[in-house]
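Shown below is the structure under consideration.
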Number of protein chains: 2
Amino acid sequence: MPMAEMAGTPHRRPTVYDVATDAGVSAMSVSRVLNGNGNVSSQMRRRVMRSVAKLGYRRNENARSLRPGQRSGLVGVIITNIENPYYAQVLLGIEDALDASDRRIVVGLSHGDPDRETRLIADFAGRQVEGLVLVPCGADAAETSRALGDLPLVLASRAHPGLDADTVVIDDREGSQRGVAALLEEGYRRIAFLGNDEQVSTSQRRFEGYQQALGAAGIAVETGLVRRTCRDQQSSAEAIRGLLATETVDAVFCANNQVTTGVLPELVAWQRRHPNRALIPVLGVDGFRMSSLVEHPLMLVEHDARALGRSAAELLTNRLGPKVAESAPRVTLTLPTVLRQEHS
Amino acid sequence: MPMAEMAGTPHRRPTVYDVATDAGVSAMSVSRVLNGNGNVSSQMRRRVMRSVAKLGYRRNENARSLRPGQRSGLVGVIITNIENPYYAQVLLGIEDALDASDRRIVVGLSHGDPDRETRLIADFAGRQVEGLVLVPCGADAAETSRALGDLPLVLASRAHPGLDADTVVIDDREGSQRGVAALLEEGYRRIAFLGNDEQVSTSQRRFEGYQQALGAAGIAVETGLVRRTCRDQQSSAEAIRGLLATETVDAVFCANNQVTTGVLPELVAWQRRHPNRALIPVLGVDGFRMSSLVEHPLMLVEHDARALGRSAAELLTNRLGPKVAESAPRVTLTLPTVLRQEHS
DNA sequence: TTGAAAGCGCTAACAC
DNA sequence: GTGTTAGCGCTTTCAA
């Protein structure tokens, strides 16, 4: 049984010196054994390991990373909202990729609050994270840079023009365009857009895809059919209610899965109340669990959130590695989307 | 512009000493100003803060926590699978509660692998986390204890009999019982159980609820109707396929949302292929997004995953606080469930 | 191959 | 109110 568990022992965890004393060697030898690099006799190794096990010793990674040149093995990840399974997937991908270099993740949730985001960045920097993966929520670039200092940064899912950082995004403009074009081909004309405001770059790109598809079909964007107030499921539900009450709608384009999942129940309920109106199909960006159970016409612009997280983490570890100069040109990865007819 | 950003500056972050030199004071004064406790003249405060801003100084939390008695401000959270929105909610609750004491989260995903869980615990301990919230996945209690050392532990969602730790669980045995009883009252007799094996305590309790409800109705558990091989959506889908192929089933009890979401599409598809069979209602434990869109008879035993996370974190911060003795008796919180008819 | 000393950044304890 | 000293746990010199 490790000493630490013995009753009455005062609460001080064993240090290299405790191990050294117990093994009758120097602290330095303990360090060498534990790191596996230096030349150590196999006999020394055995003695030290025995004491390590006996005392229940564990290296203090914080003290270790105090020495210059030592890595903390910690990476900060700031996402907006983990409730959204999309970001959970991103996190999963990040974890996946970082595990390869044996780094751990400190998570922060900005909840979409730029001030909170900035505070988290500063906090993480103080905790000596080696770098940061950020899903930005619209904080001022200058403030973000200040909080970052010299921390390597990778932006995931959303770009930020003002920030000089590696970025992974999906080609949602193109995906949106293809999706809307598909609706147009099926004969739908009055296609509504439901999304977040222009600040959110993803929403903006998806709106552009919408515009371009309409433009290519010679249709002007009708402002009455555009609602850019959808911040979550709640506001999306309100938006579709308002839309259905005031406009004639042929089809609905939902710019993200929060919007889709907010809109669908409302829309389905509305159609039940108006059984002789034609079905209003939904085009959504991002998949969601159980989408296959939806009985309403639904088409999805999907992509691999996990791969996005993985790519972001890989960009970061590259940047952290010895090979890439800190000043190497920034990279932007654009991942493709897939259009899928979920239900028709 | 902070010095650190100036071109050509060698990459050493400013320390208290740099700030002290710049401000013409001692390092101790800088420390005092930054901590806000000690008596410092307002003039000193101003001078220091000016230099801090000028140099872009940020306290090194790792070095700080090296001093005895200083907290690292880090809490480890190990969950099995973040893809499951249920655990994402738990994490959200934990983050919520920890934010109040300005602590951050290091996350680890065990992916249901006990060895990995043990390694993560040891890793986190080495990183000086103050405590741990763990969703255990069945690792040996002795090994877990060894890895933990003297780290305060809170178990969330699943109990672990061998571990001496505060625990938050939900009353899923009782909830399951009520749910199954409700099915029995509606006249269903051959009710299948789909869940994980006995190792997983939640699954076990839910199975007990199933047993008790059947027992109270004078019905014996039929082993042919019990499948305890459901580890994820995939295996759950396989289980229901096998069940439908070999048994007559009146209703299905799914012991968690992975099972429910794995079973539902299969079941719905099967019923479409057998239109003259009676509808087989599903009773599931845990809610899931979009459940309201399911058109299949569905009843859910739900609870507040976020509250569970919050409670777990609160138990931990209590244990960490100065008020509670380390040896204070362990607490087990049992949160209630709600039975909800989602679709009939 | 092993050990001794020095220092990473910070702050508690003790001067003044 | 402010400064000096020492040491938290570890590892990089450098010496043996």
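Just so it is clear, the values below take in all heavy atoms, side chains as well, and ignore hydrogens, waters and symmetry mates. Letters A, B, ... mirror the listed sequences (proteins, then strands); counts begin at 1.
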Inset, instruction - Please state whether the phosphate of D/dC8, meaning OP1 or OP2, lies under 4.0 angstrom from any side-chain nitrogen or oxygen of A/Thr15. - result: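 Checking A/Thr15 against D/dC8: no side-chain N or O falls below 4.0 Å of OP1 or OP2.
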
Inset, instruction - Taking only the side-chain nitrogens and oxygens of B/Ser29, find out if one of them lies under 4.0 Å from OP1 or OP2 of D/dG1. - result: no

Legend entry - base_contact_polar (D/dC10 base, A/Tyr17 side chain, donor-acceptor, <3.5 Å): yes

Legend entry - Any A/Asn35 side-chain N or O less than 4.0 Å from OP1/OP2 of D/dT11: yes

Legend entry - Nucleotide D/dC10, atom P - distance to CZ of B/Arg127 in whole Å: 14 Å

Inset, instruction - Only counting residues at least two apart or in another chain, list the ones meeting salt bridge (charged side-chain N to carboxylate O under 4.0 Å, His left out) with B/Arg104. - result: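 Listed in chain order: A/Asp123, B/Asp99, B/Asp102.
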
Inset, instruction - Without swapping roles, check the side chain of B/Asn62 against the backbone of A/Asn62 for a donor-acceptor pair under 3.5 Å. - result: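 It does not hold such a pair.
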
Legend entry - Spacing between A/Asp18 atom CG and D/dG9 atom P, to the nearest angstrom: 8 Å

Inset, instruction - Before accepting this row, confirm whether a basic side-chain N of the pair A/Glu95/B/Arg116 lies closer than 4.0 Å to the acidic partner's carboxylate O. - result: yes

Legend entry - Atom pair distance, as rounded to whole Å: CG in A/Asn60 and C1' in C/dC8: 13 Å

Legend entry - Expected output: side-chain B/Thr118 to main-chain B/Pro114 donor-acceptor under 3.5 Å: yes

Legend entry - Atom-to-atom span, CG of A/Leu34 to C1' of D/dG9 - whole angstrom: 12 Å

Legend entry - Distance test, side-chain N/O of B/Gln128 to OP1/OP2 of D/dC8, below 4.0 Å: no

Legend entry - Distance in angstrom units between A/Met28 CE and D/dC14 C1', rounded: 12 Å

Inset, instruction - Check whether any side-chain N or O of A/Glu130 sits under 3.5 Å from a backbone N or O of A/Gly73 as a donor-acceptor pair, and report yes or no. - result: yes

Inset, instruction - Output yes when at least one side-chain N/O atom of B/Asn39 is less than 4.0 Å from OP1 or OP2 of D/dG1, else no. - result: yes

Inset, instruction - For B/Ala27 and for B/Leu66, locate the closest nucleotide of DNA chain D by heavy-atom distance; then report the residue assigned to the nucleotide nearer the 5' terminus. - result: B/Ala27

Legend entry - A/Arg59 vs D/dT11: side-chain N/O to OP1/OP2 distance below 4.0 Å: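 It does, given that an N or O in the side chain of A/Arg59 lies less than 4.0 Å from OP1 or OP2 of D/dT11.
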
Inset, instruction - Report the nucleotide, chosen from C/dT2, C/dC10, D/dC10, that has the shortest atom-to-atom distance to any side-chain atom of B/Ala63. - result: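 So the side chain of B/Ala63 is nearest to C/dC10.
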
Inset, instruction - Using a heavy-atom cut-off of under 4.0 Å over every strand shown, decide if B/Arg64 touches base, sugar-phosphate, or nothing. - result: sugar-phosphate

Inset, instruction - Establish whether the base of C/dG3 is bridged to the side chain of A/Arg32 by a donor-acceptor pair shorter than 3.5 Å. - result: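 For A/Arg32, whose side chain was compared with the base of C/dG3, there is a donor-acceptor pair (under 3.5 Å).
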
Inset, instruction - Considering just the side-chain nitrogens and oxygens of A/Ser26, establish if one lies under 4.0 Å of OP1 or OP2 belonging to C/dG3. - result: yes

Inset, instruction - Using atom CZ of A/Arg58 as one end and atom C1' of D/dG9 as the other, report the distance to the nearest whole Å. - result: 15 Å

Legend entry - Integer-rounded Å distance: D/dG9 P and A/Gln70 CD: 17 Å

Inset, instruction - Round to a whole Å and report the spacing from CZ of B/Arg67 to C1' of D/dC8. - result: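 Result: 6 Å.
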
